Novice: 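The structure that follows is given in the form of structure tokens.
Note that the coordinates shown come from a computational prediction; the quantities given were computed from them, not determined experimentally. Every number for a ligand or one of its atoms is a count from 1 in the order of the listing.
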Amino acid sequence: MILLGLGSNLGDREQYIAAAVRLLAACPSLTVCQTSALYETEPVGVKEQPAFLNAVISIKTTLEPEALLEQCLAVEARLGRVRKERWGPRNIDIDLLLYENRICNSPRLSLPHPRLAERKFVLIPLAEVAGDIPVFEGKTAKELLTGQGDDNKVTY
Ligand SMILES: Nc1nc2nc(S)n(CCO)c2c(=O)[nH]1
């Protein structure tokens, strides 16, 4: 399974996320399989910023992880993403969360996403799209959300 996290907290958030999904689906080497609902979430990290809309989509692609990352960055740029402060507001954010069972720790790409298991704004939409898939240390999103069997801290 390949999962992307989408987020927006600037401008017409819903439109930006919808446009990002549309642009990704328009890529010849990529198929969007499932899209979660949109969730309004409190900012994690820098709290003094607008609330986010978050979603998770599952895709199929012939692109390798690094090429998929390039494609996501190109869609962000196409939608006018301006990277100011690292943890600040953004009109669109596309994160690679999971690429099958690939492990990647390069300067540009970490797979699975390093904060996947601690972010409720990821886990809730992820559970909707891939509820039964182990996504972190053999645990599913549902198990991570309920904290079954571990004390990992989920940030709200
Ligand atoms: N709720 C919420 N908080 C966030 N903080 C950062 S940074 N981001 C951007 C994630 O890469 C988010 C987000 O997407 N949602």
Side-chain angles (χ1 to χ4, degrees), residues 1-25 27 30 32 34-59 61 63 65-100 102-131 133 135-137 139-147 152-156:
M1 192 153 228
I2 301 174
L3 298 171
L4 303 180
L6 300 163
S8 173
N9 73 335
L10 274 185
D12 187 336
R13 302 172 302 168
E14 196 161 337
Q15 275 310 310
Y16 276 120
I17 289 179
V21 175
R22 236 187 347 266
L23 288 170
L24 287 166
C27 304
L30 193 156
V32 175
Q34 251 194 296
T35 304
S36 76
L38 290 176
Y39 292 84
E40 175 112 12
T41 62
E42 285 305 307
V44 168
V46 174
K47 300 242 182 279
E48 304 70 40
Q49 62 178 317
F52 280 80
L53 281 188
N54 284 110
V56 167
I57 64 173
S58 66
I59 66 165
T61 180
L63 296 172
E66 290 74 12
L68 176 58
L69 173 65
E70 287 305 319
Q71 196 63 50
C72 294
L73 293 171
V75 168
E76 287 182 348
R78 176 88 177 271
L79 292 173
R81 164 87 187 260
V82 177
R83 289 181 175 273
K84 288 190 186 119
E85 45 191 296
R86 186 173 178 202
W87 306 106
R90 66 282 312 274
N91 64 324
I92 188 64
D93 195 67
I94 307 173
D95 287 329
L96 251 60
L97 300 174
L98 195 72
Y99 192 116
E100 292 158 353
R102 301 286 187 90
I103 307 285
C104 180
N105 288 302
S106 74
R108 297 194 71 207
L109 183 58
S110 297
L111 283 174
H113 191 286
R115 288 174 292 285
L116 177 153
E118 64 197 42
R119 288 174 156 183
K120 201 167 182 183
F121 69 78
V122 170
L123 290 172
I124 290 178
L126 197 157
E128 196 185 316
V129 166
I133 305 283
V135 290
F136 180 79
E137 293 180 354
K139 295 186 185 72
T140 67
K142 289 174 184 169
E143 287 165 343
L144 291 162
L145 279 165
T146 56
N152 104 300
K153 183 178 174 305
V154 177
T155 42
Y156 288 75

Novice: Distance under 4.0 Å to a non-hydrogen atom of Asp93: what atoms of ligand 1 satisfy this?
Specialist: 9 (C), 10 (C), 11 (O)
Novice: Tell me the contacting part of Val46 for ligand 1: side chain, backbone, both, or neither, using a 4.0 Å heavy-atom threshold, strictly below.
Specialist: neither
Novice: Using heavy atoms and a 4.0 Å limit, tell me yes or no: is Gly45 in contact with ligand 1?
Specialist: no
Novice: Less than 3.5 Å between some nitrogen or oxygen of Asn54 and one of ligand 1, yes or no?
Specialist: yes
Novice: Among the heavy atoms of Arg119, does any lie under 4.0 Å from an atom of ligand 1?
Specialist: yes
Novice: Counting N and O atoms only, with roles assigned by atom type, does the side chain of Glu143 sit under 3.5 Å from a partner on the main chain of Thr140, one being a donor and the other an acceptor?
Specialist: yes
Novice: Asn9 side chain to Gln49 main-chain N or O, any donor-acceptor pair under 3.5 Å?
Specialist: no
Novice: At less than 4.0 angstrom from any non-hydrogen atom of Pro43, what atoms of ligand 1 do you find?
Specialist: 1 (N), 3 (N)
Novice: With distance as the sole test, does Arg81 use its side chain to make a donor-acceptor pair with the main-chain N or O of Ile92 at under 3.5 Å?
Specialist: yes
Novice: Is Glu70 salt-bridged to Arg108, cutoff N-O under 4.0 Å?
Specialist: yes
Novice: Kindly identify the option in His113, Arg115, Arg90 whose heavy atom sits closest to atom 9 (C) of ligand 1.
Specialist: Arg90
Novice: For the 3.5 Å polar cut-off, considering only N or O atoms, please tell me whether Val44 and ligand 1 meet it.
Specialist: yes
Novice: I'd like to know if the side chain of Ser110 and the backbone of His113 have a donor-acceptor N/O pair within less than 3.5 Å.
Specialist: no
Novice: Are the side chain of Arg90 and the backbone N or O of Gly88 linked by a donor-acceptor pair below 3.5 Å?
Specialist: yes
